[in-house]
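To start, the structure under review is shown below, and the notes come after it.
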Amino acid sequence: MTDRDATGGPSDSPHILSDRPAVGEGEEADGDDGDALAGGETSDGTAGDDFHAFWADVVADEIEARGVDDPVVIKGGVSPSGVAHLGNFNEIMRGYFVAEVLRDRGHEVRQVFTSDDKDPLRKIPRKLANADGEIVGLGEVDAGALGRNLGRPYTAIPDPFGERESYAAHFAALLEADADRLDVPVEMVSNTELYADGTFDSVTRTVLSDLDRVREVLSAYQDKVDGEYVPFNPVCAECGKITETVTGVDTESETVEYVCTDMAVGDETIEGCGHEGTATFREGKLPWRLEWPGQWDVLDVDFEPFGKDHAEGSWPSGVDVARNVLGIEPPVPMVYEWFTLNGEPLSSSAGNIVTVPELLDLLEPEVLRYFFALHPKKARDLDVERLDQLVDRFDRFERAYFGEVDDEGLTAFAERAYPFVVGRPEDPPTEKPIRLPYTFAAVLGMVDDPAFRERLARDEGHIPEDASDEAIAAALARVEKARNWAERTENEYDYRLQTALPNVDFDDDVAAALDDLADFVAAGHDGEAIQSEMYETARDHGIEVSDFFSAGYRLFFDDTQGPRLGEFLGELEREYVVERLRREA
RNA sequence: GGGCCGGUAGCUCAGUUAGGGAGAGCGUCCGGCUUUUAACCGGACGGUCGGGGGUUCGAAUCCCUCCCGGCCCGCCA
C-alpha cells in the first residue's frame, strides 16, 4: 500500500455537484472587465465553464470531458430486497436525466441497471411487493420456503408469488414495470447472467490470477484481507449456498476448491453444509468491492450515480481496484442524497415506504419525475400529507417554462429541465396544459359526476372558454388523483357528497330554514345567490349561521364541515338539492 | 474519534457556479368577493441565511472554527 498513487488526488471525489472547480478551466481568457453575466446565452454543447441551470448538464459536461465513445453507458444497481420502493427510483431517475441530456446533445446512450441477484439472501424480508407492486406481509407467501433458502443467490430462490422463475426475476420485473410507468427506458442486467454467460470471465480471471495485487489493494480498505484471502465466493454444489471459504485456486483449470462453511449474518448464522468441492470461475461470484468495478469494466460504464452510503465506502476502493487491478478508469460518479418519506428515513421493515404505483394514484407521472429533477445534493422530504405543495411547485415550474412566472432562476431551470420532465426533449409542448390547482381538484373530487366537476371548474375560471374536449379531460384527470389523496390522508378535503339521505335530526327552526332554502333553490338561483340566501335564511329564523351551515353539511356530506356550500349546491342538480334540503331523499 | 455531505421563514424549497437588493409558494393573520365556513383575489406578518470569527468598501455566497443532522470509517451490499 506504499503508493496511494498520485494520479488520483481530489478529482476522484464523487461529489461532483458540490466541488467548486472541477471541470476544465483554462479558457478564462476574456475574464477581465465587465462582460460576463452572459448566463442566458447557453452556448451550444461545448462543455466547460458555462453556467448550467440544470444539474444534469453539469454532469453531462463532466462525462463529455472524459471524451467517451458512443454509446455512453449509464449504470445503476440494486439489490433485490423484496420491495421496489421509491428510493430505488432515485438512482434510476438521476441516471435517466443525465441520459436524456446526453441524448439531447446527440449521443447514443444506454441506461443499464444491474440487479445484484447473485448475492445471497441474508435475511428474510419483512415485506414483499406482489406483481402489482402492492406491499404485502410475509403471511401472504410461503415464508418457510424463504427461510430454507437463506444463503442462496436470489436467482436460485423461487418467486414467493410463484409467478416468475425466481425471487430475483420477480423483483427485477417490479422495478422494470415501475420504470415503464414513468416512461424511463432501462435495460435490466442480471448479475447472475453476467457470470453465467462468461461476460465476467475476464474480470474473474484477472482477479484470481493476481491475488497478491488484489490483496495489496484491498487491504487498505478491509481489515480482513490478509495473505490468505481469496476474493471469490463459490456456490456450493451440494446445498446451493454462497460460500466464503476458498482453500485453493487453480488458474490453469480455472477452478477453486472450497468448503461450505457457516456464514455469519449479524447475530445470526447461516449454516453451511460442510461440503468440500470444486467450482469453476463461473460457479460463484466476486465480492462487492471487486464486483462493482468489474461491472464498470465489462459493461463499459461511463457514468454511475449512487447513494451517499457508497461515497466514502466502496467508491474509493472501487476506484483503486479499477485502476490498479483491472487497469481501467472508473466512471464519472455522482453521489445523490437520500430523501425521506413523511419526515422519516425510508424503511421497509418499519413500513415507511411508498411505491411508484401508489404515488401514481395520487399525482401525474410528470410531477413525480419533477421531484427527481430537483437538485440531487439536497436531502428532500416527500410528504404525502402535503403532496399539494409538491404539485403546486410543479405547476409553478411548468408556468415558468411558459414564461408566466417572474422568477429568473426558476425560469432558467424550467426552460432547460421541463422538456425532460415531461419526457419530450425533442418535441417540447408548445401549449401549457390546463392545470386545476390540486386542492381545488380535491374539492371537485367530493362529487362523482363529471359534468358537475367541469361546470364548477369552468365557473371558477380554471378552464378557458375555448378549451378542447381533450384538454378538459386531461385537466379533469387530476381530480381522481386528488380524490385519492384526500381519501388516503383523510385530510380536510376528504368529504363525499352523500347520495342517500344521512340520518338527520334537526330542531324545528333549523328544519324550517332548510325548507325555506329549498324553496329558494327550487325557484332557480345560482350558487352565489344560494350562498347569500343561506345567511339571510339563518337570520330570518333566528338561528346561528354556523348551525345552519352545519345542518347543510350534515345533509350533503354527513359531516359538520365541508367546502363552500352555496357555490357547491349551485352546481348540483337542482331537484336533488331541493329534495335533500327538504329531507325527502 | 476521523472523513464526506447537508443546515435559508411555521412548512416545502429557490438563491451559493461568478461576493453587492434575503426571495417564492403554501400556511398564519387581516381584508375583499353585499354575507364568519377550508376553492378565488389583495395585503400584512414572518428569517441571528445553524453559531462565532476572519478576508472584503461589501459575505447566505470565500476562509477558519464550533454546533446539529445524515452517511461512511467492522462484515455485507
Side-chain angles (χ1 to χ4, degrees), chain A residues 13-15 17-23 31 36-39 49-53 55 58 77-79 81 116 119-120 122-123 221-224 244 263-266 287-289 291-292 306-316 335-338 340 343 345 374-375 377-383 385-393 395-397 400 405-410 412-413 436-444 446 456-457 459-462 491-493 495 528-529 531-536 538-539 544-546 548-550 552-553 560-568:
Chain A
S13 164
H15 303 281
L17 290 173
S18 297
D19 300 337
R20 299 297 149 199
V23 199
L37 260 293
D49 50 6
D50 294 311
F51 170 69
H52 289 304
W55 57 269
V58 178
V78 66
S79 292
S81 67
D116 297 329
D119 297 353
R122 302 173 66 80
K123 57 181 183 184
Y221 307 94
Q222 295 184 285
D223 293 343
K224 73 169 186 180
E244 296 185 319
M263 174 163 63
V265 179
W288 167 248
R289 285 187 127 89
E291 195 170 70
W292 195 25
F306 46 85
K308 61 181 182 174
D309 53 333
H310 289 305
E312 304 304 320
S314 44
W315 170 253
V335 176
Y336 57 81
E337 267 289 339
W338 294 343
T340 52
L374 297 171
H375 203 286
K377 292 299 290 186
K378 287 277 200 175
R380 282 164 210 288
D381 185 47
L382 182 69
D383 191 339
E385 301 273 331
R386 293 197 206 100
L387 220 50
D388 57 312
Q389 290 196 6
L390 177 63
V391 179
D392 284 348
R393 283 175 62 77
D395 288 351
R396 187 173 144 84
F397 165 76
V405 177
D406 181 21
D407 183 324
E408 206 178 325
L410 177 63
F413 171 57
L436 304 178
Y438 194 69
T439 52
F440 178 71
V443 171
L444 297 188
M446 297 172 190
L456 189 47
D459 283 358
E460 295 296 322
H462 292 299
N491 66 5
E492 64 269 34
Y493 297 96
Y495 300 110
E528 221 169 302
Q531 180 79 0
S532 303
E533 186 64 15
M534 290 193 70
Y535 293 89
E536 297 295 333
R539 286 198 203 94
E544 291 293 327
V545 171
S546 60
F548 192 44
F549 271 96
S550 290
Y553 289 128
T560 56
Q561 296 181 318
R564 189 178 296 192
L565 198 52
E567 277 86 341
F568 212 89

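Atoms considered below: every heavy atom in the structure, side chains included; atoms not considered: hydrogens, waters and symmetry mates. Here is the naming used below: chain letters follow the sequence lines, and residue numbers restart at 1 for every chain.
In this structure A/D383 satisfies the salt bridge (Lys or Arg N to Asp or Glu O under 4.0 Å) test together with A/R386, sequence neighbours excluded. In this structure A/A442 satisfies the side chain to side chain contact (heavy atoms under 4.5 Å, CB included) test together with A/A482, A/W485, A/Y493, sequence neighbours excluded. Scanning for side chain to side chain contact (heavy atoms under 4.5 Å, CB included) contacts around A/P437 gives A/F440, A/H462, with sequence neighbours left out. For A/E408, there are no side chain to side chain contact (heavy atoms under 4.5 Å, CB included) partners two or more places apart in sequence or in a different chain. Residues meeting the side chain to side chain contact (heavy atoms under 4.5 Å, CB included) test with A/V405, sequence neighbours left out: A/R396, A/R399, A/A400, A/D407, A/L410.
B/G70 sits 25 Å from B/C63 when the P atoms are compared, rounded to a whole Å. For B/A44 and B/A24, the P atoms lie 10 Å apart once the distance is rounded to whole Å. The gap from the P atom of B/G27 to that of B/G52 amounts to 33 Å, rounded to the nearest Å. Between B/A38 and B/C13, the two P atoms lie 28 Å apart (nearest whole Å). Nucleotides B/C26 and B/U61 place their C1' atoms 27 Å apart, quoted to the nearest Å.
Within the structure, every side-chain polar atom (N or O) of A/K378 is placed at least 4.0 Å from both OP1 and OP2 of B/C5. Put simply, A/R380 has a side-chain N or O that comes within less than 4.0 Å of OP1 or OP2 on B/A14.
Between A/P316 and A/Y221, the closest side-chain pair of non-hydrogen atoms falls below 4.5 Å.
Judged by distance alone, with hydrogens and angles left aside, A/Y438 brings no side-chain donor or acceptor close enough to the base of B/A39 to form a pair under 3.5 Å.
Under the Watson-Crick or G-U wobble criterion, with both distances below 3.5 Å, B/G1 is paired with B/C73. Pairing for B/G6 goes to B/C68, judged as Watson-Crick or G-U wobble with the two contacts each under 3.5 Å. Remark: B/A44 base-pairs with B/U28; criterion is Watson-Crick or G-U wobble with both hydrogen-bond distances under 3.5 Å.
Among the nucleotides B/C11, B/A38, B/A77, the one closest to the side chain of A/H310 is B/A77. For A/R289, taking side-chain heavy atoms from C-beta onward, the closest of the listed nucleotides B/A39, B/G74, B/A77 is B/A77. Set against B/C71, B/A38, B/C40, the side chain of A/K308 has B/C71 as its closest nucleotide. Here the nucleotide nearest the side chain of A/W288, chosen from B/C40, B/A77, B/A38, is B/A77.
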What's touching nucleotides 22-25 of chain B from the protein side, N or O pairs under 3.5 Å?
residue	atom	partner	partner atom	Å
B/A24	O2'	A/R396	NE	3.2
B/A24	O2'	A/R396	NH1	3.0
B/A24	O2'	A/R396	NH2	2.6

